[in-house]
Amino acid sequence: MSGGVDSSTAAGILIRQGYEVIGINMRLPDTGEVSESGCCGVAGIDDARNVAQKLGIPFYALNYEKEFENEVIDYFYREYMNARTPNPCIICNEKIKFRSLLKKAKGLGADYIATGHYARIEYDNSNRRYLLKKGKDIEKDQSYFLFSLSQEQLAHSLFPLGNYTKSRVRELAREFGLKVHNKPASQEICFIPDNDYRRFLTARFITGKFKPGLIVDKNGRILGKHRGIAFYTIGQRKGIGAYKKPFYVISINKEKNTIAIGEEKELYQDTLIAEKVNWIDRKKLNDSIKAKARIRYKHRESDAVISPLSDTKVKVQFNKPQRAITSGQAVVFYDGDTVIGGGWIN
Amino acid sequence: MRRVYLDHNATTPTHPEVVKEMLPYFEEVFGNASSIHLFGQQARKAVDGAREKLAEFIGAKPEEIVFTSGGTEADNFAIKGIAYANESKGKHIITSSIEHHAVLNTCKYLEKQGFQVTYLPVDEYGFVDPGDMMKAINKETILITIMHANNEVGTIEPISEIGKIAKGKEIIFHTDAVQSLGKIPVDVNELNVDLLSLSAHKIYGPKGIGALYIRKGTRIQPLIHGGHHEKNRRAGTENVPGIAGLGKAIEIVKTSIDKESIYLTDLRNRLCSGISEKIDCVYLNGHSRKRLPNTLNMSFEFVEGESIILNLDMKGVAVASGSACTSGSLEPSHVLKAMGVAPAVAQGSIRFSLGKDNTEEDIDYVLEVLPEIISRLRAMSPLYKRKKE
């Protein structure tokens, strides 16, 4: 329970459904960042405790500072240093919420952990697998962030908001008498409330680690200088200098410490390789399949052919070129509402 | 569900007699103890009466008692007050590595202000070695502060012996007796201390009131400035109900301490031997005898203390993993660390601190629910499984 409207309402719904509910707040590192909405981090604890009191359930604030630091923030930093664009929410789900916290919950004798994610879990009797499906509120659907969960993790998870729209959730929160019903939505990355990851990196890590280098075009012609590859992502327009035409970051080369820029059309590609693939509706992929693929959270999923390269590696061939396919982001495959699986773009 | 409170080192329930004693000072006897008129005089009488009771109980003179907002303020007052009043003589302070954070963090603050602090090590039981202290003393040393009994493991320090050394070297000696007062004898002369901190809510008194004993002739600088309260040593309108409550708590504990000490020792030993019989891989932290009668700190290998606390809480049993002031941090206890307990073992430590209202049935209930919790948690530990194979 972060203290936000989603996890608070999820708890309320479970109580109404007759579950015995224990509220847990995960205390995350105080990154020295001040969050307006006070969702994650220390500020959220008070709201979460207040909700638990209102709902009349036991409540514990547990300390996950060190684990979050080691598993999520370190990863976040490492990925940028490796010329990749990280997705910390997926890693937090996989390693903190649905691993460490789930283990803790089992230790408390709990059968499930529940979160305020907009997604659904269904058990497929014929296949004997737990299926991950999109939330009913397509605008809020968060199945993308959950693709890496194992069958064991899904078997012990509940997403009580999966069948509700966000506005209905706010209504329910009001019905439950929760003050947080009109609390603003949390920011994209909980530990960077102002969304300025570049400022976060410089504030938090030794500046000397960020080595300035050259900005080049696709033919290697030098066009300018950059502050360090960590500050750039594919498709970025700002911070690369002014040119006659709008230019974008096309690729980042860690070995040469260079950023290649070019025109928008050069951002489009039709294939990608994904690694560390996790399958949800099947054990493995034997043959190529047609599916919709999503290359970042807000990307409009697009038709593609997924072909196995090895047990954990696939090639994704889109029917049409996609803009700014970015290393480090996840690609998630859908069959309608159902998540087939996903992997990490390399 | 049965509810069993075993966290008396964090705080105690206020004794009904204490509450009764306090009530008039919220109602008809509401005067300001510093006022000249009758309303003030009535309040003053309560303050003076409590001061006398407290002074007598610890072998002090009434004018050597300064009321504070609690143990933390008393510690801050003692340490900063002595440091600032004596900095022309030297800037070295000696303390131990197992003090309460009220002492440790005050010392750390003073380090930032240019003082040098020696944090003495302790042995496996948590004892400070007076020999180590001897060696740590130098020409600059102006203050020694060592706790009387440790709040986490209950180990009772050789305060009298340390006090003798301090006296011989003419160094001011402070002890934090917040945890020992009311559980074992506390006498400022027998302990050879110049300053002593105490708190009411650990002895069935109210929260928000404590005191610092300051031996006559000890130069100290006030921490809180304002009016002429407490002989210019602690400004602020006296907390009359709190002070009256503290006085009553002292009066009660004075008559019950001997009997309670025996009762709690028996009860605690019943808990300890019950745990040792029913659960394997458990270790006692602290000394088996030179320990507060009510305190039992045990490490349950292969489990996290936090998980034990939450599980016991859901069974109605309240315990702690060390100091209440540090709960929420996953750092293993600084006390256990200083005692050389391996971090993995220290993480699985639980403090049971008993009180006068606990019964044998309470203890038996804990012995009934705890083994099941430990075995469930251990079933999830790969390390435990490996050990059993």
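Per chain, numbering begins at 1; letters A, B, ... match sequence-line order.
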Inset, instruction - Any chance you could measure A:K104, atom NZ, to B:L377, atom CG, to the nearest 0.5 Å? - result: 9.0 Å
Legend entry - Pair listing, ring-ring contact (aromatic ring centres under 6.0 Å, His included) test, anchored in residues 361-388 of chain B, at least two apart: B:F302-B:Y384
Legend entry - Crowding at NZ, A:K106 (>12 non-hydrogen neighbours, <6.0 Å): yes
Legend entry - Toward chain A, the part of B:L310 with a non-hydrogen atom under 4.5 Å: both
Legend entry - Interatomic distance, A:K103 atom NZ to B:S307 atom OG [nearest 0.5 angstrom]: 8.5 Å
Legend entry - Heavy-atom closest contact (B:E306 atom, A:N63 atom, distance): OE2-N, 4.0 Å
Inset, instruction - Would you mind reporting whether A:Y60 and B:D313 have side-chain heavy atoms less than 4.5 Å apart? - result: yes
Inset, instruction - Decide if atom CD of B:Q113 counts as having more than 12 heavy atoms of other residues, nucleotides or ligands within a radius under 6.0 Å. - result: yes
Inset, instruction - List for me each residue that meets ring pair (Phe, Tyr, Trp, His ring centres under 6.0 Å) alongside A:F147, sequence neighbours excluded, and say none if there are none. - result: A:W344
Inset, instruction - Drop me the distance from A:L108's CG to B:R376's CZ, to the nearest 0.5 angstrom. - result: 7.5 Å
Inset, instruction - State whether the number of non-hydrogen atoms from other residues, nucleotides or ligands found under 6.0 Å of B:K337 atom NZ is greater than 12. - result: no
